[in-house]
Amino acid sequence: MATSGNPLAVDVINALQEGRLLFNPADKKVYVRTAAGTINDAATGTPAADVKAGDLQTVRLNNRVRRGIDAAVGALTLLSPDAGKRMDAAKAVFKSREAGALKALDVAIAKETEPRVKRALVDARAAVILNTPTASKEENLEAISVIRERGDQEARSLLTNLSADSHDDIKRAAAAGVASIDASLQLWSAAQNMWYGLSLGSVLLLAAIGLAITFGVMGVINMAHGEMVMIGAYVTFAVQEVIRAYNPALFDISLVIAVPLAFLVTGCFGILIERTVIRFLYGRPLETLLATWGLSLIIQQAVRTAYGSSNKDVGSPSWMSGAFELGGLTITYNRLWIVCFTMFVFVALLGVLRLTRLGLEMRAVTQNRTMAASMGIATARIDALTFGLGSGVAGIAGVALSQIDNVSPNLGQSYIIDSFMVVVFGGVGNLWGTLVGAFTLGIANKFLEPYAGAVLGKIAILVLIILFIQKRPRGLFALKGRSVEA
């Protein structure tokens, strides 16, 4: 039917696929039930007014017929003017591998001008030939070469499942193709792990970059840093709730609205913490650690009281949904945007530290607090602003993390230990060290996970960091300055 050219073929095959193809057991005539519920004669397309629906039965399907339907639908759309439909048709024929589609494929390949679609059509033709017992040895060898170049898991499966009674030359060519595809898949797997590592590294960098600022300038072990990340995520949730209630059309820019709000809320919160708690504990790191840890518990309980302990629904805008393939890589848009956002935040912070008066004063206080104070810098004010800046960056990290993690009162606890590892490994107070440390640990973690598992992988990373710190106590990129080096 698909190759007949009959204009009713599309309707009949679609009706069969959708369970709307009926037949009369008495006279064996076939009918199509339309979307409106009327009954048409399948052979003529005209209404069958004298036929009662109760006398008809649905044509039943099995898996073999379903594969035939997929191939037929593919053959019907191989010459569609829409390139996307032609691509979908080629993929459908590749999966079904029905010999009846071969003639339509030859016509479509001859007329195709889009290189990407033509490649898919050629792959589909090769798959059909390998599934055709009457194909010659030369045709099979040529098809194996085409499938080998495709190089994905479907191609490997197709070559592996070749008939056992195939010619020896065909078996050898298929085995060589499988070996070549395995080598290619291993390379793509390594590249995929690298991407996962970069993605994890960007998350670690976002969570740690604010901590690198506060820890480096003030030497404060802030165990409440994770709660700043969590507050930023809840600000995102609150923004989306307001938008859903009052103006749903703005949902696609909800994250754009949430970023500055999260920065302001958590930044002010950080300044409040520094002015009311941290300022009285400088020079007493153990007491600072205990105080901020207790503060983190208070913040968590306050959020539980206000929002409950269950996870909150934070949606993704349309431009962050979905994924695309790049060769053998699968890249999701939300992770890609987070990597880009992380690099933007990193560059913006570098600009603040290098090009503004606040950055100059922060660097001066970091390198030699006493000398900075003697030069007229208000170190107490710099401490408060620095703590606010670090907390604000943690807040916008929470906006990004709300897209890939559960928004709950425990969100920050998942990242606080990793953040400290990144900061210590990269070099306390050094943004470049934090960048290199985050991506190094992210990539190392993703390469260790397949062999050691998630838990043992983290333990191995922690042991390696401890051994590294024994050799370089100040991390990869140590700060310089008389006060720091003393």
Side-chain angles (χ1 to χ4, degrees), residues 202 204-222 224-225 228-229 232 259-275 278-279 282 288 340-400 419-420 422-439 474-486:
S202 68
L204 293 177
L205 179 59
L206 268 180
I209 196 168
L211 187 64
I213 297 172
T214 56
F215 197 13
V217 173
M218 294 176 287
V220 173
I221 303 175
N222 179 20
H225 180 78
M228 299 298 103
V229 175
V259 166
L261 282 178
F263 181 84
L264 290 174
V265 170
T266 53
C268 293
F269 209 96
I271 292 174
L272 178 64
I273 292 173
E274 197 280 334
R275 289 288 86 187
I278 303 298
R279 65 181 296 190
Y282 287 127
T288 305
C340 295
F341 179 69
T342 300
M343 298 314 299
F344 171 78
V345 172
F346 179 79
V347 172
L349 277 177
L350 279 181
V352 169
L353 292 176
R354 298 291 176 184
L355 304 176
T356 66
R357 180 176 180 83
L358 173 62
L360 177 64
E361 294 179 346
M362 284 173 57
R363 286 184 286 128
V365 172
T366 302
Q367 294 177 13
N368 195 319
R369 178 178 293 271
T370 305
M371 182 62 72
S374 68
M375 296 295 293
I377 296 175
T379 56
R381 181 180 66 88
I382 295 300
D383 288 339
L385 292 177
T386 301
F387 206 91
L389 177 62
S391 299
V393 173
I396 62 176
V399 177
S419 298
F420 273 109
V422 168
V423 171
V424 172
F425 176 66
V428 176
N430 190 303
L431 290 187
W432 284 108
T434 305
L435 174 73
V436 175
F439 284 122
R474 293 206 300 269
L476 283 173
F477 299 92
L479 287 175
K480 296 181 179 180
R482 294 177 182 175
S483 177
V484 173
E485 293 172 356

Return the [atom1] to [atom2] distance between [X] and [Y], rounded to the nearest 0.5 Å.
| X | Y | atom1 | atom2 | result |
| --- | --- | --- | --- | --- |
| D383 | I271 | CG | CD1 | 11.5 Å |
| L358 | L353 | CG | CG | 8.0 Å |
| I221 | T288 | CD1 | OG1 | 7.5 Å |
| L389 | T266 | CG | OG1 | 10.0 Å |

Atom CE of residue position M343 - does it have more than 12 heavy atoms of other residues, nucleotides or ligands inside 6.0 Å?
yes
Let's go through L435 and W432 carefully: what are the C-alpha distance in whole Å and the side-chain angles of both, what is the deciding distance for side chain to side chain contact (heavy atoms under 4.5 Å, CB included) to 0.1 Å, and is it a yes or a no?
CA-CA 5 Å; L435 174 73; W432 284 108; 3.6 Å; yes
Taking every non-hydrogen atom, the tightest pair across [X] and [Y]:
| X | Y | result |
| --- | --- | --- |
| G210 | H225 | C-CE1, 3.6 Å |
| A262 | V399 | CB-CG2, 3.5 Å |
| T379 | A373 | CG2-CB, 3.9 Å |
| I273 | M228 | CD1-CE, 3.9 Å |
| A208 | T434 | CB-CG2, 4.2 Å |
| L211 | N222 | CD1-O, 4.1 Å |

Kindly write out the residues that satisfy ring-ring contact (aromatic ring centres under 6.0 Å, His included) with F341, not counting sequence neighbours, or none if the list is empty.
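Partners of F341 by the ring-ring contact (aromatic ring centres under 6.0 Å, His included) criterion come out as none, since no residue qualifies.
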Identify, with sequence neighbours excluded, every residue that meets ring-ring contact (aromatic ring centres under 6.0 Å, His included) alongside F269.
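For F269 there are no ring-ring contact (aromatic ring centres under 6.0 Å, His included) partners, ignoring immediate neighbours.
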For residues 347-360, pull every pair meeting salt bridge (charged side-chain N to carboxylate O under 4.0 Å, His left out), keeping only residues two or more places apart or in separate chains.
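Passing the test, one end in residues 347-360: R357-E361.
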Expected output: side-chain S374 to main-chain M371 donor-acceptor under 3.5 Å
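Flag set: sc S374 to bb M371 pair under 3.5 Å.
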Stepwise side chain to side chain contact (heavy atoms under 4.5 Å, CB included) test for F346 and L350:
CA-CA 6 Å; F346 179 79; L350 279 181; 3.4 Å; yes
Between F439 and V422, is a side chain to side chain contact (heavy atoms under 4.5 Å, CB included) present by the stated rule, with each step listed?
CA-CA 9 Å; F439 284 122; V422 168; over 6 Å; no
